[in-house]
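Each chain gets a letter, A, B and so on, in the order its sequence line appears, and its residues count up from 1.
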Amino acid sequence: MNNKEIAKAFQDIADLLELKGENPFKIRAYQKVVRSVEHLPVEVEQLVIEDRLKEVPGAGEAITKKITELVTTGKLGYYEKLKSEFPEGISTLLDVPSIGPKMAMLLSSELGVKSVDELEVAIIGGKVASLPRMGDKITENILRHIQALRRKDQRIPIGEALPVVDEISARLSGLPTLKNLAPAGSLRRFQETVGDIDLMGTADNAPEIIQTFVSLPQVKEVLASGTTKASVVVSGGLQVDLRIVEHDCFGSLLQYFTGSKQHNINLRERAHRQGLKLNEYGITNLATEGLEKFATEAAFYERQGLEFIPPELREGQQEIERAERGNIPKLVELPDIKGDLHIHTDWSDGRDTIEAMALAARELGYQYLGITDHSGGRGIAHGLDAERLRQQISEIKQLNQRISGIHIFSGIEVDIRADGSLDMPDELLTEVDIVTAAVHSSMNQSQEQMTRRIIGAIENPNVDVLAHPSCRLLPDREPVAVDIEAVFRTAARTNTMLEINGMPSRLDLKDIHAYRARELGVKLVINTDAHSTEHLEFMRFGVGVARRGWCEAQDILNTKPLQEVIACLTS
DNA sequence: GCCGTTTTCGGCCCGACTGTTTTCAGTCG
């Protein structure tokens with residue numbers, strides 16, 4: 001049973017306990033464990049085997065026992081019993097925003113409603129509005145939420161959200177009185193998907209700023225517009241909120257709206273033990289009731305005796321304990337990156353020439369660029385065969401003599417065939433500077449087959465890097481079934497690097513996998529998989545994932561200067 | 001159900017908003 005399934009079972013337990021009206025703190029305990037399991041870099045099954053469940057934040061004696069039962073038997077008696085106490089489907093009502101446990105139970109007990117569809121019928125039939133404490137406004141609101149739920153209203157990949165923010169920020173940053181404009185929320189934490197966008201800033205003339213914001217050309221609909229805050233929907237359906245606040249509380253406000261929820265809960269619990277109360281306006285000393293304000297987040301954390309915690313780490317894992325000890329890593333940053341080692345050109349399925357890509361890379365300040373076009377393999381458009389790869393190697397040699405200021409590595413993204421063999425003869429792989437291996441076909445293999453296939457490839461001494469290891473595509477294609485832990489252990493043993501692919505639809509390795517690979521001593525490389533010069537900009541997405549994986553520059557090959565990379569690739 | 005620089009019981013993050021209420025419960029982030 002994988003972590004996703006375990007998390008779902010415990011989320012369901014939390015929902016049912018809510019419907020039951022259980023102690024809210026008990027419910028919170030289950031929810032905390034759900035979030036922990038979702039962020040866990042290792043499989044819970046593995047922790048059960050090694051008797052290490054106590055390491056899961058929030059798992060105490062009772063929940064540890066329940067997890068063990070669920071993992072070892074595939075069933076959980078407590079969960080089954082709980083489910084039997086409620087009509088099936090009732091917890092799906094909780095998926096509708098504005099419907100909580102109390103209302104769900106009321107709808108179920110009074111009207112027998114147990115699905116969103118039935119709820120809609122009941123509302124239209126006027127049955128819901130006649131219930132106690134219900135009125136037309138509530139039912140209209142529920143209907144709106146049901147329709148939004150159906151429309152799509154799902155979370156948007158960060159690759160789509162960030163450009164929208166950039167565009168809006170560029171427009172607003174022209175306003176001379178607006179300061180500190182920054183996104184908050186899951187976008188700032190660089191989660192791979194975001195629900196909506198929260199922008200924050202400080203200004204003396206908030207109403208004017210808000211007016212400019214709601215009048216932007218990309219705004220399709222204004223949901224709310226006040227003197228300090230506005231909500232709009234921009235083209236593409238994304239909701240964007242802008243909040244203008246006083247300069248002197250900006251630090252605590254930004255911290256509050258950045259979250260995550262679990263991080264903030266943990267932080268406040270800790271503050272409470274110190275006799276302090278945290279809120280978005282600052283820190284209150286509970287004894288004196290005096291409020292201290294903070295213009296920056298760093299000062300806000302410092303006042304609590306904590307090192308600054310970068311937003312990407314604020315997920316309620318071990319970041320607060322680490323900050324207490326002054327032990328927060330110096331995370332890798334975009335300016336640390338000195339080259340890109342996985343890109344495509346018009347020799348295979350890329351758009352631009354090798355030279356155009358190299359010049360664009362030089363423009364970004366890079367020292368090197370690795371050309372890794374596809375091998376001919378199974379139907380990949382214009383893949384290189386042995387003969388064309390030789391030609392390309394020779395062209396790269398000539399280009400390196402002609403172009404200064406950037407070094408071009410020859411390379412190949414060689415296909416890992418279904419049987420685990422590579423789609424290019426070994427003698428040719430020894431002639432290129434960098435060999436990147438990747439799965440592009442037969443993705444439905446069993447976990448056993450796929451694991452053997454990938455491990456076989458990275459055991460080949462000519463393979464330097466395993467590209468996009470899970471092969472997932474956001475938002476639709478699930479990762480292939482593979483024992484990722486076994487892949488990491490093999491990569492560590494064979495000194496094969498794993499890629500963090502920054503293409504927004506991939507982000508693969510993902511954050512928690514990057515964390516685990518690094519922990520096991522695997523060297524990582526952040527690439528864009530660019531198919532055109534513009535795609536080289538995807539590097540920031542890869543860096544964002546690496547930061548969420550607690551990676552420092554030293555963990556990443558392409559933060560090294562050219563000579564070190566050459567030494568690494570030839571060793 | 002968890003957890004401990006007020007420890008093995010008695011606490012548990014904090015505030016805003018909304019609708020329906022006549023003082024607050026429910027929901028959300």
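Across all strands shown, A:N23 has heavy atoms under 4.0 Å from base atoms, whether or not it also approaches the sugar-phosphate. Counting any heavy atom pair closer than 4.0 Å across all strands shown, A:I265 reaches a base atom. Residue contacts shown for A:A271 are absent, as no nucleic acid heavy atom lies under 4.0 Å away. Base engagement by A:R28 is indicated by at least one non-hydrogen atom pair under 4.0 Å involving a base atom. Residue contacts shown for A:I99 are limited to sugar-phosphate atoms, with no base heavy atom under 4.0 Å away. A:L278 comes within contact range of the sugar-phosphate backbone alone, with a heavy-atom separation under 4.0 Å but no base atom that close. A:K66 comes within contact range of the sugar-phosphate backbone alone, with a heavy-atom separation under 4.0 Å but no base atom that close. At the heavy-atom level, A:E61 lies under 4.0 Å from the strands shown only through sugar-phosphate atoms. Using a 4.0 Å heavy-atom distance criterion, A:P24 is classed as making no nucleic acid contact.
Residue A:K137 contributes atom NZ, which lies 7 Å from atom P of B:dT20 at whole-angstrom precision. Rounded to whole angstrom, the span from the CE atom of A:M134 across to the P atom of B:dT18 amounts to 18 Å. Whole-Å rounding puts the A:L76 CG to B:dG1 P distance at 11 Å. If you measure from atom CG of A:N266 to atom P of B:dC12, you get 15 Å, rounded to the nearest angstrom. With rounding to whole Å, A:E269 atom CD is found 10 Å from B:dC3 atom P. At whole-Å resolution of the value, CG in A:L106 and P in B:dG19 are 18 Å apart. Atom CD1 of A:I63 and atom C1' of B:dG1 are 6 Å apart (whole Å). For the pair A:K277 NZ and B:dC12 P, the computed distance is 13 Å after rounding to whole Å.
Side-chain proximity of A:R273 to the nucleotides B:dT27, B:dG1, B:dT5 is greatest for B:dT5. Nearest to the side chain of A:A62, among B:dG26, B:dC2, B:dC12, sits B:dC2. Of the listed nucleotides (B:dC13, B:dC2, B:dC28), B:dC28 has the atom at the smallest distance from the side chain of A:P97. Comparing B:dC13, B:dG15, B:dG1 by their nearest atom to the side chain of A:Y78 picks out B:dG1.
Across all strands shown, B:dC24 forms a Watson-Crick or G-U wobble pair with B:dG19, both key distances being under 3.5 Å.
Between the C1' atoms of B:dG19 and B:dT23, the separation comes to 14 Å (whole Å). For the C1' atoms, the distance linking B:dC9 with B:dC24 amounts to 31 Å, nearest Å. Across the P atoms, B:dA25 and B:dT21 are found 14 Å apart, a figure rounded to whole Å. For the P atoms, the distance from B:dT22 to B:dC14 is 31 Å, rounded to whole Å. Atom name C1', nucleotides B:dC2 and B:dT7: the rounded distance is 13 Å, in whole Å. Rounded to the nearest Å, the gap between the C1' atom of B:dG15 and that of B:dT8 is 32 Å. On the C1' atoms, B:dG26 is 24 Å away from B:dG11, given to the nearest whole Å. Distance noted for atom C1' between B:dC12 and B:dT6: 15 Å (whole Å).
Using a cut-off of 4.0 Å between Lys/Arg side-chain N and Asp/Glu carboxylate O, A:E315 and A:R189 are scored as salt-bridged. Salt bridge present: A:R150 and A:E120 bring a charged side-chain N and a carboxylate O closer than 4.0 Å. One finds no salt bridge joining A:R472 and A:D508 here, because no Lys/Arg side-chain nitrogen approaches an Asp/Glu carboxylate oxygen to under 4.0 Å.
The closest donor-acceptor contact from the side chain of A:S186 to the backbone of A:V194 lies at 3.5 Å or more, if one exists at all. Here the side chain of A:R518 pairs a donor or acceptor atom with the backbone of A:G549 at under 3.5 angstrom. Judged purely by atom type and a 3.5 angstrom limit, A:S252 uses its side chain to pair as donor or acceptor with the backbone of A:E280. Side chain of A:N3 to backbone of A:V42: a donor-acceptor contact under 3.5 angstrom is found.
Applying the 4.0 Å criterion to OP1 and OP2 of B:dC13, one finds that A:N264 has every side-chain N and O outside that range. Of the side-chain N and O atoms in A:K65, none sit less than 4.0 angstrom from OP1 or OP2 of B:dG1.
Along DNA chain B, the nucleotide nearest A:R133 and the nucleotide nearest A:Y281 are compared for position; the residue whose nucleotide lies closer to the 5' end is A:Y281. Both A:F25 and A:T64 sit near DNA chain B, but only A:T64 has its closest nucleotide nearer the 5' end.
Residue A:Y256 places a side-chain atom within donor-acceptor reach of the base of B:dG29, judged by atom type and a 3.5 Å distance cut-off alone. Checked by distance alone, A:K261 brings a side-chain donor or acceptor within 3.5 Å of a matching partner on the base of B:dG29.
Against the 90° criterion about 0, the sugar-base torsion of B:dT22 places it in the anti range.
Remark: A:K83 NZ is packed, more than 12 non-hydrogen atoms of other residues, nucleotides or ligands lying under 6.0 Å away.
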